[in-house]
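These notes are about the structure you will find just below.
Keep in mind it's a predicted model, so treat the numbers as computed, not measured.
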Amino acid sequence: DCSSGMCKSTCGDGFVINEDCDDGNVANGDGCSKDCKVESGWTCKQPDLGNKMLVPAIFRDFKMHHPTDFEPDDNVGCSSGKCVGMVKSTLDGDGKPVFTGITDQGVDVTSVDTFKEWYRTTANVNHANASKLALWKIASGAYVNRYGANGEQWKTGVDGNPLFFPVDDDPFSAGELAAAQVPAFYDPSIPYDVDASGSQRMHNFSFTSEVRYWFKYDSTKTYQLDFVGDDDFWVFINRNLAVDLGGLHSATPGSVTLDAATAAKLGNMQSGNVYEVAVFHAERHTTASTFKLTLNRFNAAATACTPTCGDGVVVADEECDNGKDNSDTAYGGCTTACQWGPFCGDGM
């Protein structure tokens, strides 16, 4: 629950928010108790995520021209390459962006009410697909989405997805498939997405993306979020607008660096608290669809607990624990691996 800015959650959800630990369950005896307290004899920490992290996402499929915001008749696009000021600086009570009502710059939004439907599941208007967006670890330690289902790049050295179509299989807008251009940003030599025979592949345009993630803010660290998007693309951190890249436009890069100075502007974020990153995207023009999201230092995993050998408490797979008296050489003693050493009666 991030409605008040600083996030709160219940013990057992895997997010360490104002807790000693959270291993994703409410069981005792595994190092992290049902009350999310570290149990005696254990050491608990948040491990590295490994080569892949999954962030929750909702992709909502729309029909063309319903509302008319999707595939507008004029397709003018933003006069300056991006439309700024389309959404208010903070999220509303439901955690959704709010349209300001501007009509210039080629915004092409019908009304405040139609914009509300972009990120709200609405009968006969859109169909929601609950999913997860896979981000893959790169050399810098950051995580980024890629073209292939198993982390394959579009071509060597190119991250992100130049053919981002997460609702291709949604029957809600069946019959509205269109050919997709490959943005010059990714590969100017390939005009359209084609199969092995050279035939154009058809894709499902007119959809929105809503991606959320949570992280523990540390004022001594600098966090980086990089992206490429078309069309509309907004990022909110701690419910405050951090990236404003709205309107109909081609693949456009951007970034936000979260340091102490930026954190102060984004709702006076406090070190040690958990905050939410919310990314909102819309694809509403049948030309191309690209999406790239790179998170650096925003990653965190559920708590992992291991027995603490040498603390005098026997837990889990420890056979013994004599504390500081553990010895690898003492006959009849407990080793520094908390397993019994040689003793009379061990059959050896």
Side-chain angles (χ1 to χ4, degrees), residues 2-3 5 7 55-62 67 69-72 77-78 82-102 105 107-122 125-133 135 144-145 160-161 164-167 205-215 225-256 258 266-267 275-285 289-295 298:
C2 303
S3 59
C7 299
V55 293
I58 297 178
F59 303 110
R60 292 180 174 87
D61 185 20
F62 289 76
D69 306 0
F70 288 85
E71 193 63 18
C78 301
K82 61 181 180 179
C83 297
V84 298
M86 279 182 60
V87 298
K88 293 185 178 180
S89 60
T90 58
L91 298 174
D92 65 12
D94 296 329
K96 310 289 187 177
V98 180
F99 180 49
T100 58
I102 64 173
Q105 304 183 76
V107 168
D108 283 314
V109 176
T110 305
S111 68
V112 172
D113 289 334
T114 61
F115 185 83
K116 285 182 178 180
E117 297 171 344
W118 287 23
Y119 304 106
R120 288 174 171 84
T121 304
T122 309
V125 175
N126 60 46
H127 178 253
N129 298 267
S131 184
K132 290 184 178 180
L133 180 68
L135 304 179
V144 63
N145 69 305
N161 190 348
F164 185 68
F165 293 101
V167 297
F205 290 81
S206 299
F207 64 88
T208 63
S209 309
E210 180 177 354
V211 180
R212 295 179 184 270
Y213 195 66
W214 302 269
F215 72 104
L225 184 152
D226 299 301
F227 63 90
V228 177
D230 74 272
D231 295 301
D232 312 79
F233 203 105
W234 299 286
V235 178
F236 289 80
I237 300 176
N238 187 27
R239 303 178 67 85
N240 290 270
L241 184 63
V243 174
D244 187 3
L245 191 62
L248 301 171
H249 54 76
S250 59
T252 305
S255 67
V256 58
L258 178 61
L266 295 174
Y275 296 98
E276 181 183 62
V277 178
V279 179
F280 298 92
H281 158 258
E283 174 50 58
R284 53 193 182 106
H285 186 188
S289 178
T290 181
F291 188 92
K292 178 182 178 181
L293 177 64
T294 308
L295 299 178
F298 286 99

Subject >> Ser289 side chain vs Phe164 backbone, donor-acceptor pair below 3.5 Å >> reply: yes
Subject >> Minimum side-chain heavy-atom gap Leu258-Leu225 below 4.5 Å >> reply: no
Original post:
Closest approach of Cys83 and Gly247, non-hydrogen atoms and distance?
Top reply: SG-CA, 3.7 Å
**OP:** Taking all heavy atoms of Val211 and all of Ala57, pick out the closest pair and write down the distance.
**Re:** CG2-CB, 3.8 Å
Original post:
Do Phe99 and Asp113 have side-chain heavy atoms sitting under 4.5 Å apart?
Top reply: no
**OP:** Give a yes or no answer on whether the side chain of Thr208 reaches the backbone of Tyr119 with a donor-acceptor pair at less than 3.5 Å.
**Re:** no
Original post:
Gly5 and Asn238: which non-hydrogen atoms are nearest, and at how many Å?
Top reply: CA-OD1, 3.1 Å
Original post:
For the side chain of Asn145 and the backbone of Leu293, is there at least one donor-acceptor N/O pair under 3.5 Å apart?
Top reply: yes
Subject >> Aromatic plane relationship, Phe205 with Phe165 - under 30° parallel, 30 to 60° tilted, over 60° perpendicular >> reply: perpendicular
Original post:
Which atoms form the tightest heavy-atom contact between Asp226 and Ser255, and what is the distance?
Top reply: OD1-CB, 2.9 Å
Subject >> Salt-bridge contact Asp94-Arg120 (side-chain N to carboxylate O under 4.0 Å) >> reply: yes
Original post:
Is there side-chain contact between Lys96 and Lys116, with heavy atoms separated by less than 4.5 Å?
Top reply: no
Subject >> Note, Ser209 side chain near Phe233 side chain (heavy atom, < 4.5 Å) >> reply: no
Original post:
If you look at every heavy atom in Ile58 and Ala128, which pair is closest and at what distance?
Top reply: CG2-CB, 4.0 Å
Subject >> Test item: Trp234 and Leu241 side chains (from C-beta on) under 4.5 Å apart, heavy atoms >> reply: yes
Original post:
Between atom CZ of Phe227 and atom OG1 of Thr252, what is the distance when rounded to the nearest 0.5 Å?
Top reply: 8.5 Å
Original post:
With a 4.5 Å limit on heavy-atom distance, are the side chains of Phe62 and Pro67 in contact?
Top reply: yes
Original post:
Rounded to the nearest 0.5 Å, how far does CG of Leu266 lie from OG of Ser89?
Top reply: 10.5 Å
Original post:
Do you know which two heavy atoms are closest between Cys7 and Glu276, and how far apart they sit?
Top reply: SG-N, 3.7 Å
Original post:
Could you go step by step and tell me if Asp69 and Thr110 meet the side-chain hydrogen bond (donor to acceptor under 3.5 Å, both in side chains) rule?
Top reply: CA-CA 6 Å; Asp69 306 0; Thr110 305; 2.6 Å; yes
Subject >> Phe215 and Leu295: CA distance, side-chain angles, deciding distance, side-chain contact (heavy atoms from CB on, under 4.5 Å) verdict >> reply: CA-CA 11 Å; Phe215 72 104; Leu295 299 178; over 6 Å; no
Original post:
Taking the side chain from Thr290 and the backbone from Gly229, do they hold a donor-acceptor pair closer than 3.5 Å?
Top reply: no
Original post:
Does Asp244 use its side chain to pair, donor to acceptor, with the backbone of Gly85 at less than 3.5 Å?
Top reply: yes
Original post:
Mind checking what makes side-chain contact (heavy atoms from CB on, under 4.5 Å) contact with Asp231, not counting sequence neighbours?
Top reply: Leu248, Glu283, Arg284, His285
Original post:
Do Val87 and Phe236 have side chains that get closer than 4.5 Å, going by heavy atoms?
Top reply: yes
Original post:
Nearest 0.5 Å, what's the OG1-NE2 distance between Thr121 and His127?
Top reply: 8.5 Å
Original post:
Do the ring planes of Phe115 and Trp118 sit parallel (below 30°), tilted (30 to 60°) or perpendicular (above 60°)?
Top reply: tilted
**OP:** Report the C-alpha distance between Arg212 and Val55 in whole Å, list the side-chain angles of each, state the deciding distance to 0.1 Å, and finish with yes or no for side-chain contact (heavy atoms from CB on, under 4.5 Å).
**Re:** CA-CA 7 Å; Arg212 295 179 184 270; Val55 293; over 6 Å; no
Original post:
Is the side chain of Ser131 donor-acceptor paired with the backbone N or O of Asn129 at a distance under 3.5 Å, no angle test?
Top reply: no
Original post:
Mind checking whether Pro97 and Leu91 have side chains closer than 4.5 Å, heavy atoms only?
Top reply: yes
**OP:** State plainly whether the residues Arg60 and Glu117 are in salt-bridge range, i.e. N to O under 4.0 Å.
**Re:** no
**OP:** For Val144 and Leu135, run side-chain contact (heavy atoms from CB on, under 4.5 Å): C-alpha distance rounded to whole Å, both residues' side-chain angles, the deciding distance at 0.1 Å, then the answer.
**Re:** CA-CA 5 Å; Val144 63; Leu135 304 179; 5.7 Å; no
Subject >> Test item: Tyr275 side-chain N/O and Arg239 main-chain N/O as donor-acceptor pair under 3.5 Å >> reply: no
